[in-house]
Structures are given as C-alpha cells and as structure tokens.
Amino acid sequence: MEQTLYIYNSITREKEKFSSIIPGHVGMYVCGPTVYSDVHLGNVRTFLTFDMVRRYLEFIGYKVRYVRNITDVGHLTGDSDDGEDKIAKKAKLENLEPMEVVQKYTNGFHDVMTIFNIGRPSIEPTATGHIIEQIEMIQDIISNGFAYVSNGSVYFDVRKFSEKFNYGKLSGRVIDDLLSNTRDLDGQDEKRDGLDFALWKKAEPQHLMRWNSPWGEGFPGWHIECSVMSTKYLGKEFDIHGGGMDLKFPHHECEIAQNVGATGHEPVRYWMHGNMLTVNGRKMAKSEGNGFTPEELITGNHKLLERGYTPMTVRFFFLMGHYASTLDFSNEALQAAERGYKRMTAAIQTLKQVTPSEKSDFDASKLREACYAAMNDDFNTPVLISELFEAVRVINSAKEGSIKLSAEQIEALTQIFQDFFYAVMGMKDEEGSGTSELTESLMQMIIGMRADAKANKDYATSDKLRDALAKIHVQIKDTKEGATWSYEG
RNA sequence: GGUCCUGUGGCCGAGCGGCUAGGCUCAGCUCUGCAAAAGCUGCUACUCCGGUUCGAAUCCGGACGGGACCUCCA
C-alpha cells in the first residue's frame, strides 16, 4: 500500500499504524442491526461510518471482505431468566411469524442503507442461518472448560476464563469491580456467577424461535453469533472489528471471551468504535424517545425537526464530525451542513465551466496529499472536508477570473472530487426533480424570454418571471454568461 | 456508587506543546438594473484554579459542568 494509515485501536487506546494480516487484503466485521424494529438515525451513523472506512480501504487499494451480520434471533429483553426473545415478543404483538418480522425489518433496513448510499457488505450472514455453527462453538468452549450447562442452558464461566485470560481488557473493566456491581440477589439463578452470560438458552414452552441442541430445545445467547460468524468468514484472527460505542461492554467483551475460549486466539487486531449521535446532548435511543427514523428526517415529520433534510445532507453532516466523537443533532447544525453541502456540489458543477488557462496559480497535487493525510489520520473526514472547501474557493475564484487554472489542474481537481467526495465519502448527486429534456428546454425558453425582457430593461417582467419560478422552488441566478437555474425542492 | 470520555469563538466542529482548520451565521466591500450566487475583508476562541516548559487550547494536578457504559441498545 502506498498510503500509511493510522487507526485508533480501542483495545490499546492508541493510534496505531495499520497493517493487515494478509498483505493487500482486509477482513472487517461490523455488528449489524437487530431486526425487530425500524432503525433510527443513530444506527445509521454507525453503518455510515464503517461504509466510509470500507470505501477508503478499498480506495487505497485493499481488497476488503466486509461482513456485517443481521441479528434475527436471541437478544433477550432482560438479564433475567424470564426474559423474552425480542423478536418472538414482537411477533406475538403483531400476530406475525417471527421470520415475518425479521424479513419486514430486514427489508426496511436495506431500504434505509440504499437511501443513504451505504454499500452492501460482502457477506451479510444471519444468526438463524448459523445455529449449527453456534452450537459447535459452544461445545468447543465447554470442552475447553470455560462454560457449563445448567438446567438446559449454557453459560460462559467468566471467573474461570479470567484466571487464564484478561476479561475486561477492551472495556477497561476490572473483574472484581464488575462482580461487586452486578451481584444479583436472585438465589435461584442458574448462573454460578452474576457475570456469567448465556451462550445457549433453554426455550420456554411459549417461546416461538427454538432449535434442537445437545442441551435440549433452545436458542443461542446474546453474543455468540458474532464470534461464530466472524470466525467462519474472516478466520480466527482478523483485521478490523467495528461497532457502536455502546456495544463495547458487554457485547464486544463477551465476543473476545468466546473467541479466546473457543480457539485460544485473540480474534481482532484493530477494534474501532463509532460514537453516539446525540440530541440535545443525550444519546439518541429508542428508550429515550428522541430517535427519529430516516423517513421522518427526510419528510421533516417529527416534533424535533423544523423541516426535512435530504439523505446526502445528512451524510455530509455525519462526515463533518469525526466518527469517534459524539455528534450533536440540531436543526441549526443540519442547516449549516446543508448550505455547506450545496456550496460544495455547486462548485463541482462550476468546475466544468472553468475556462482553462495556459498557466496555473494552483497546484492540486498538494491538496491531494492533504486529503490523503486527513484520511490516513484515523479517517479524519472533518479535516478532509475542510481541504475540499479549499478547492471550492479555488474553483469559484477561477470561475470569477481572479486566479488561473490550467487544463491539467482542472482535471486534477475534478479527480480529487471524484476520488474523495464521491468514492471515499460516498456522496452521490441528488437528482432534482426536473432534469428531463422537456423541463430543460422549457427552462431555456423561459430564461430566453427573461433575457429579452432584461435587454429591454423591462425589469417588471423579468422579476415577475423570477418570482414565479421561485414559488415553485426554481432558483434563477444571473451570471455574466447568462442565467442559470436550479431546482431547490 | 464504579469505569471511562469530554468541556474550543453566536452555532456546529477539527486541532492536542510553538505555525489564524473548516463550515454556518453576522457586518462591510466588490460584482449586479435589483436579487441571488461568488470573491475579498472583519468578528481571532479554547470552563476555572494551580503546576511543568523558553513557550500550553494542547502535558500534569485539582475544582466545576456535560456525556457514555456498568441492563437490550449503533
């Protein structure tokens, strides 16, 4: 690789030089959604973050195998024995088959990913599709002595594990602190220890999702699917594991324990955690009631939203903050991002109209280096964007004539936007709703009429035309070369 | 209560030992029939109190504020 990439590794808490296990190839696993309800915007941020990571890795020449799972079974509602499978609960509520619920929300999730131009993973495995593999890994963990069977369920023995390995390494927990904090008063508990977590749960009679296992009918525990599927598709040790910050503990911690317990291998080289989207300083979460769906965001149909925003505005907004920092949502911030985004896309269009000069006052190669430098520094998209705005100023100045650009430099700038704005940031042009041939010729007709009126100094007519167009969200801008129009719907 | 993160100009948001990030907003100017757009100029900040240093927003200690995790959560 020509680029030297640095990644902040959550488990070492340091920025580290990235080097893949197999040269030229990267294995990346990201915890996907639990498909029992609509995704909200906070979820989208995480998937968008790792979409950007994947795009950059591919851009600098890696072949990436990107695995992102669909959790369609197994997450209990609580840490108690009477906890219900979330999906089964929802199914009863809506009178649907569990797999019908799963399908419905999986489809919805895919639609949302498409809207935000978030690429599909290379492999998108489901938990229900890997029950056999999960049972096998649980058996391995048992035979290695790190799990025990209790009343038809199987639990991971955290105490036993921590005698040999470091449980809590990723999240910085100290096992004794954890014990004093999670001590359960429930004496009936099947667990030997409050910290132990389920690998396999016995299914109660009313439980809908159930599979046969060596321990009776049941379903897999909360964390085992990720260990199994990452191992199956990426190997015992792989390059990058991503997910939201809120999964660090216990989910990712348990994943490590399971992998090490089963294979003896530390599974992940680089842990990456995306930070939360907040609203008024608080985490966006279903339970807080401050989450809105992507649909609500686009239509503006939510009490927190003054109006709607396009998907690419939101994508730009997300990328304006670093993935590892919390990002606070507000209408003001969204509107600022929207204006910046429009300014940038306008400049990309403007670049096509810049007349080349013999010589050039600008050297795009330095800018290109700066773009790489920003991304190489732990995917610093806010800095990348600030570099791109440098190019915006250059383009506009060139159009205005205050600086000169050679054909070569124009080409280089075009390529920078092609590479970093479209390929790496994953932006795409949003079609206004009036770009058909008919619309275009009608607009040229109107602009021509208005130009005639202006030539005759009939400003009443020219303003009337402009105002009328403004009412249907078509904006006219007069330039030296004549008027341009754009749809601002 | 425990663990960890964080506090930057009107707003958002980078930087994390010396070199005005950037975006949005606001004001002025240029251009323009008027707008809009664009360009230029201006507004130059780092919660507070100590310390280290030739030099700190940036490192260390403390105070105060905000947040995340410790339970399903991207």
Side-chain angles (χ1 to χ4, degrees), chain A residues 13 30-34 36-37 39-50 71 75-80 83 86 168 171-174 176-178 180-182 195 222 242-251 253 273-278 281-288 291 316-317 320-322 324-344 346-347 350 370 374 377 380-390 392-393 395-403 454 457-459 462-463 466-467 470 475-480 483-484 486:
Chain A
R13 298 173 204 351
V30 172
C31 293
T34 304
Y36 65 91
S37 66
V39 291
H40 65 243
L41 201 60
N43 304 308
V44 172
R45 158 123 110 138
T46 299
F47 300 126
L48 179 19
T49 292
F50 291 103
T71 297
H75 281 214
L76 300 184
T77 52
D79 191 24
S80 56
K86 270 187 175 167
S171 55
R173 313 277 150 149
V174 178
D176 289 319
D177 293 346
L178 280 172
S180 61
N181 273 308
T182 51
L195 272 184
W222 307 275
M245 204 75 101
D246 50 354
L247 294 184
K248 216 173 184 179
F249 188 89
H251 184 63
E253 202 70 72
H273 291 277
N275 217 137
M276 300 294 105
L277 180 67
T278 62
R282 298 216 161 259
K283 176 183 171 182
M284 181 179 283
K286 232 159 258 156
S287 53
E288 295 268 349
F316 196 75
F317 168 67
M320 278 176 70
H322 187 84
S325 301
T326 56
L327 181 67
D328 198 51
F329 173 90
S330 69
N331 283 281
E332 212 180 355
L334 252 297
Q335 279 159 32
E338 182 180 72
R339 299 206 53 159
Y341 165 62
K342 282 186 175 170
R343 197 158 98 86
M344 191 166 284
T350 302
D377 185 14
N380 199 329
T381 53
V383 170
L384 171 66
I385 289 172
S386 82
E387 299 296 350
L388 258 22
F389 271 112
E390 183 66 29
V392 168
R393 190 177 304 112
I395 291 165
N396 286 328
S397 297
K399 175 77 163 112
E400 201 193 32
S402 58
I403 69 165
K454 281 179 67 177
K457 301 222 188 286
D458 179 7
Y459 297 121
S462 69
D463 287 354
R466 188 173 59 192
D467 293 347
Q475 192 182 31
I476 295 292
K477 289 171 193 164
D478 289 327
T479 70
K480 288 196 184 79
T484 63
S486 58

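Chain letters run A, B, ... following the sequence lines, proteins first and then strands; every chain starts at 1. Here the structure is a predicted model, which is why all the values come from computation and not from measurement.
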Gap in Å between the two C1' atoms, one belonging to B/C43 and one to B/G9, rounded:
9 Å
Under a 4.0 Å heavy-atom criterion, the protein footprint on nucleotides 3-12 of chain B, written with B, S and -, is S-------SS
Who are the salt bridge (charged side-chain N to carboxylate O under 4.0 Å, His left out) partners of A/Arg466, not counting sequence neighbours?
A/Asp463
Rounded to the nearest 0.5 Å, how far apart are CZ of A/Arg393 and CD1 of A/Ile403?
10.5 Å
It should be established whether A/Lys399 places a side-chain nitrogen or oxygen under 4.0 Å from OP1 or OP2 of nucleotide B/A37.
no
For A/Arg339, what residues pass the salt bridge (charged side-chain N to carboxylate O under 4.0 Å, His left out) criterion, not counting sequence neighbours?
none
Look at the side-chain N and O atoms of A/Arg343 and state whether any lies under 4.0 Å from the OP1 or OP2 oxygen of B/A37.
no
Go nucleotide by nucleotide along RNA chain B from the 5' end; which of A/Val392 and A/Met284 gets its closest nucleotide reached first?
A/Val392
Does any N or O donor sit under 3.5 Å from an N or O acceptor when you compare the side chain of A/Lys286 with the base of B/C72?
no
Between B/G13 and B/G51, how many Å separate the two P atoms, rounded to a whole number?
33 Å
Nucleotide nearest A/His40 (side chain, heavy atoms from C-beta), chosen from B/A36, B/C40, B/A74:
B/A74
Considering only heavy atoms from C-beta outward, does the side chain of A/Leu41 approach that of A/Leu277 to under 4.5 Å?
yes
Apply side chain to side chain contact (heavy atoms under 4.5 Å, CB included) to A/Thr278 and list each qualifying residue two or more places apart in sequence or on a separate chain.
A/Thr326, A/Asp328
Residues forming a side-chain hydrogen bond (donor to acceptor under 3.5 Å, both in side chains) with A/Lys477, sequence neighbours excluded
none
Need one value for A/Met245: base, sugar-phosphate or nothing, where a base atom within 4.0 Å counts as base even if backbone is also close, heavy atoms only.
nothing
For A/Ser402, is there any backbone N or O sitting under 3.5 Å from a side-chain donor or acceptor partner on A/Ser397?
no
Who are the ring pair (Phe, Tyr, Trp, His ring centres under 6.0 Å) partners of A/Phe50, not counting sequence neighbours?
none
Would you please name every residue forming a side-chain hydrogen bond (donor to acceptor under 3.5 Å, both in side chains) with A/Ser325, sequence neighbours left out?
none
Does A/Glu253 reach the main-chain N or O of A/Ser171 with its side chain, forming a donor-acceptor pair under 3.5 Å?
yes
Rounding to 0.5 Å, atoms OG1 (A/Thr34) and CG (A/Asn43) come to a distance of 9.0 Å
NA contact type, A/Gly243, heavy-atom cut-off 4.0 Å: base, sugar-phosphate, or nothing?
sugar-phosphate
For A/Glu387, answer base if it contacts any base atom (sugar-phosphate contacts may also be present), sugar-phosphate if it contacts only those atoms, and nothing otherwise; contact means non-hydrogen atoms under 4.0 Å.
nothing
A/Asn43 side-chain N/O to B/A74 phosphate OP1/OP2 under 4.0 Å
yes
What is the per-nucleotide protein-contact pattern of nucleotides 29-35 of chain B, from the 5' end, where B denotes a base atom under 4.0 Å from a protein heavy atom, S denotes such proximity for sugar-phosphate atoms only, and - denotes neither?
----BBB
B/A74, B/C70, B/C24: which one has an atom nearest the side-chain heavy atoms of A/Arg339?
B/C24
Classify A/Met344 by what it touches in the nucleic acid, base, sugar-phosphate, or nothing, heavy-atom distance under 4.0 Å.
nothing
Indicate, with a heavy-atom threshold strictly under 4.0 Å, whether A/Ser402 touches base, sugar-phosphate, or nothing.
nothing
Over all atoms of both residues, closest heavy-atom pair of A/Ala285 and A/His40
CA-CE1, 4.0 Å
Are OP1 or OP2 of B/G39 and a side-chain N or O of A/Asn396 less than 4.0 angstrom apart?
yes
Can you name the residues that form a side chain to side chain contact (heavy atoms under 4.5 Å, CB included) with A/Met320, not counting sequence neighbours?
A/Phe316, A/Ala337, A/Ile385
Please give the distance between the C1' atoms of B/U44 and B/U20 as a whole number of Å.
7 Å
Between the protein and nucleotides 42-47 of chain B, list every N/O to N/O distance that falls short of 3.5 Å.
none

Can you tell me the distance, in whole Å, between the NE2 atom of A/His322 and the C1' atom of B/G22?
16 Å
Test side-chain hydrogen bond (donor to acceptor under 3.5 Å, both in side chains) applied to A/Asp246 - qualifying residues, sequence neighbours left out
A/Lys283
Which string of ( ) [ ] | and . matches RNA chain B, if you list each base 5' to 3' and count Watson-Crick or G-U pairs only when both distances are under 3.5 Å?
(((((((..(((.....[...))).(((((.......)))))....(((((..]....))))))))))))....
